[in-house]
Structure formats: structure tokens, C-alpha cells
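Contents: one structure, followed by commentary.
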Amino acid sequence: MGNYYDSAKECASREQIKAWQDEHLAKTVKRVYENVDYYREKMQTAGIEPGDIRSTDDLHLLPFLTKEDLRNTYPYGMLAVPLSDCVRIHSTSGTTGRRVVACYTQNDVDLWEDCCARAIVAAGGSKEDIVQVCYGYGLFTGGLGLHGGSHKVGALTLPMSSGNTDRQLQFMCDLQSTFLCCTPSYAAFLAESINERGLKDKIKLRSGIFGAEAWSEEMRRDIEEQLGIRAFDIYGLTEISGPGVAFECEEQNGMHINEDHFIAEVINPETGETLPDGEKGELVFTSITKEAFPLLRYRTKDICVLSHEKCSCGRTFVKMTKPMGRSDDMMIVKGVNVFPSQIEAVLMNQGYPANYQIVITREKNSDKLELDVEMTKEMFSDALSEVSARETKLISALKSMLGIYVDVHLVSPKSIERSEGKAKRVIDKRKLY
Amino acid sequence: MDVKQISVFVENKPGRLAELAKVIRKNGINMRALSLAEAPEFGVVRIIVDDPYKLSEALKEEEYVFTVTAVLAAEVQDQAGSLVRILDILAEQNINLEYTYTFLAHKKDAAYMILRVNNNDAAVKALSSQGIRLLCQDDLNELLK
């Protein structure tokens, strides 16, 4: 008990939370209707006026918003403030075709950083900590989000960014970092390196926040044991703000959604109908305090369950389970969003057939994406060097499209298993959910 | 003045080369020479046979990926320095050798080299003018009777 960054908000009564949500929802709807042409048209098509949305009880009347809408309005079409009022842009991982950019005003950044600060404090962090942030800094929200949260908490922040394991470990030992923020797979990799190099008694880590990709309870125990810390999950998405939309408390059993900023719903992905607590469905967010890029009923495609049960930590915010899957075909590999269609596009561009199979595995807590591609007459040559050069070119094209290394295997024609005449494109062997 | 080499894509897995060899056997095709170039996960099997047309039809039927390439088959004397002589002729004409492999026939004191070069016409001209014997497909079959 007692680890709160903002107890007045985090432990508010349900009535209070609803009152905030009602007020901010009505205001946000009115504001976007007045300032965003796309929203106004969308609402007019649905036959809704801002006055119809008076409270969260009317939320279901609003049409959903999807990534498609964000692409249609790329880059600034959803802005609810003048561009000159924005101070920051972040972007989703992925590629040119799939990229979504989100703008922030200074106030948006502040509130987002508050959310991250809540997560850090809930994970046991305080101003006494030295927080090593090894999420990537840049367009990705992970690095700067937790960085800002750490500042808000008043902790000493080490902006390491991702990669360069030697330097990460050296600073971790020399500077005595106590709190770690990175993807769970990188945490597992660091843990392994620490044990291999016999540095376990030189590190002072005691807690950490690990998100941006799916990880199992088993992996949590691994990281906790190997690093001698407690490992906490965090949830977020760039469209809504970034990490810190929801965070784990000491119970380590579900993530509290920052409901003073985001209204969460779970819907049936087929029918769009809102589902009650305890039922599995697609998570939908409405951001009610964002100035620059407020989204109404944004479909995350993440499948989870909500619970309003009382939590022993004292927080009253609704809890969401770890995502249990996706309602689309997106895969998250090494923290990066990957769609089969992107891989298909690269194959076609490079002259390979669209007969392929993706196999994702996780070895030693690190993801691996393997791609079987069927060889064709056009891509073959009697000179091995030519075939290899084409393969290398394919690998680098995939890398530049997806941002991760893909282990390509060239296989015989028609050797990829087909079920009901259609190839099974993705085999995910990781036990994520 | 060339012979037809058939190059087949084969995955680097147990039994794959045997499968290919069985296709060749099933069709009553006789192999003259074979060479295997391997990458970590696949290989290119290069074969010279008595009836390349028949083999390509059979491979098409079995859905193999393959190419037919014109390569040179040069006769070399079984004596020291024969290989150097051929390589020197090619180098003088600035002809690049992509790969080569050898085979033997019933003829005494001679071996045969398959040469895959970047310019067949130039290589034929250069080698012939220096008295190197190059085989055509019929010569090859005659030789192995």
C-alpha cells in the first residue's frame, strides 16, 4: 500500500471517475466536432451531434475509429489544435505504408509523462532510484515516455536508448542503476549476459518496467529470478499516447488503466457490441484529455478482459489483462509491429512469389522471425553467388521494411504446407498468451 | 561448341539429392558429370547428362526449379601443367571463370573440364585457336559409349 504518484486520481471513487469522464468526454466530442473536419463528417454520417454525447452512457453512439482512419488523415488530418501548438511527434513502429503519426501539445506530453510516472511509482520506483531507460529513443514512444516519467518522479534518469549491451552493462554496474525500463526480451537478454559475465553481484537493480511486446508469466519469473528484481508490465500505444495507458501495480495481476485520461471499453470485434466486465473482446479507447490528437473509440485490435474488481493496491482504476491476442493479423516481433502483408509486398517487389510462410519462435526469451520462401525459375541461377546475392538483397529489403532481421530460407517450390488450398502464412510458436 | 548443363535447386536436407537422382534413374538418363555447390540451406546441383532435353522435361514434370546453361567441356591432357595452360588462355583474354569441375571418360591420358565462363564465344575462340579440344554434346556421348 501507499505507492502512488497521484493518489487523488489513482484512488478516486468510481463516482468521481465517472464524473470526470462524463465531463471530459462531452467536451472532447464537442471540440473535435468543431475542429476536425474528418470527425465532423464521420459523426454527421452517423447522424450524431455533439449534444447527443452527454456522458459515458452515450459513448456507444459514437462510431469507431480504426487505424484506417488514421491513415486516411495522415499526417495532420486528425489534429484538433493548430499545428503551431504542437511540440512533439511520435510514430508507430512499422513502415511507410503502415505508419501513423501522433502529435502532442506540451500539455499532452505532460499528462503522458504523468501516466508513465504513475507506472514507475506503482512498480516501486521513487526519486531515490537511478532509472536506466534502454527503450529506443526517437519516434518510438518507449524511450521518451519512460524517460519523461522518470523525470516526473524525480529519479536520476539514464537515457541509454536501446542496444550496445556492453555499455548498458558497464553503466549498470558503474552507475549502480536500480530501476530498468526496456522490452522484456531485452531484459531477458541483459539478464543472461549479466549471468554469463558473472556480474550478478555488481548490479543493484531492484525493479523494472517491461513492455511494448507480449510476455508470459514464465518469462516474468525468469527475469525476476535472474536479475533479482520485480518485473512489471506496462501497456500503451502511440495512437493513444504511448506507454502508460495502463500499468501494473504490486499485485502484478492486470494493468490499471489511467481512467482519468482514457475511457476503456471491450467490444465484440465482429458486431461492435460493448461487452460487460469479465468478457473477452477487443479493447477500445477514447482519450478525453488529449489536446492535439484526441481519438474517440479507437479500436486497438488487442484482445483482453476488463475487471472492476477491487484491487488490494488501493487503486480504483479498472484493470485490463495482458493482451491475449489480436483481432487482426498483426504480429509483434522483438517489440516491432509486423503485418504479413508487409512481408508479401517485399517479396513481390524483389521478384519472389507470394508463397511464403512465417515462423516466429522465441529462444532464450528472444524472438526470431523465420521466413520460408519458395524458389522460382526466375530467382534461380546456376551460379550460387547470384542466388545468394538475391537472398541477401531480400533480407536487407525486409530489414528496411520491418526494422528487424528476418531469417530467410529458400525452399523448394510447392513445399510450403497448404491447408484447404490456401497456404498457412503464419506459425507463431511462442507461448505468449 | 558447348554442352548443356542442367542446374537444379535442391534444399540442403537429408534425402533431397537422392530424390533428384531417382528422377534421373526413373527416366533412364545417364549422368556424365555432377558437381554440387552449397550454401548453408540449399545447394545447386549441376549435372551433365546424355540427354539434357529429356531431363529438363522430367524435371519440369516433377516441379523442380532448374536452369539449362551452355558450358564448355575442354579436354585436358593428363600431364603436369595442363590446367595452367587453359587458365592462362582464359586470363589473357580477360575471360572470367565462374566455376569449373572435372570428369573422366574411357579415353586414356585425358580428363575433361567443365568450364562456366562469362563469355562463351570468346572462350571458344581463344581455346580452339590454342589447340584445346572442346566437346559438343554429340562428342560427349560418343566419348562415353
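All chains are named by letter (A, B, ...) in the order of the sequence lines, taking the proteins before the strands, and each is independently numbered beginning at 1.
Heavy-atom pairs under 4.5 Å with chain A peak, among R16(B), E98(B), R116(B), at R116(B).
A centroid separation of less than 6.0 Å is found between the aromatic rings of F42(B) and F9(B).
For the residue pair Y352(A) / E344(A), no side-chain donor-acceptor distance below 3.5 Å is found, with atom types taken as modelled. Using a 3.5 Å distance cut-off with no hydrogens or angles, the side chains of Q5(B) and S7(B) do pair a donor with an acceptor.
Note: I48(B) CD1 to S35(B) OG = 9.0 Å, rounded to the nearest 0.5 Å.
Contact annotation for S385(A): neither backbone nor side-chain heavy atoms come within less than 4.5 Å of a heavy atom of chain B. Looking at T67(B), both its backbone and its side chain come within 4.5 Å of chain A, counting heavy atoms on both sides. Residue contact with chain A, scored on non-hydrogen atoms closer than 4.5 Å, involves the backbone of E38(B) exclusively. Contact of S412(A) with chain B is made through backbone and side chain together, with heavy-atom distances under 4.5 Å. Interface remark: V68(B) contributes no atoms to any contact with chain A (heavy atom separation under 4.5 Å).
Contact record, A33(B) with Y101(B): CB-CE1, 3.9 Å, taken as the closest heavy-atom pair.
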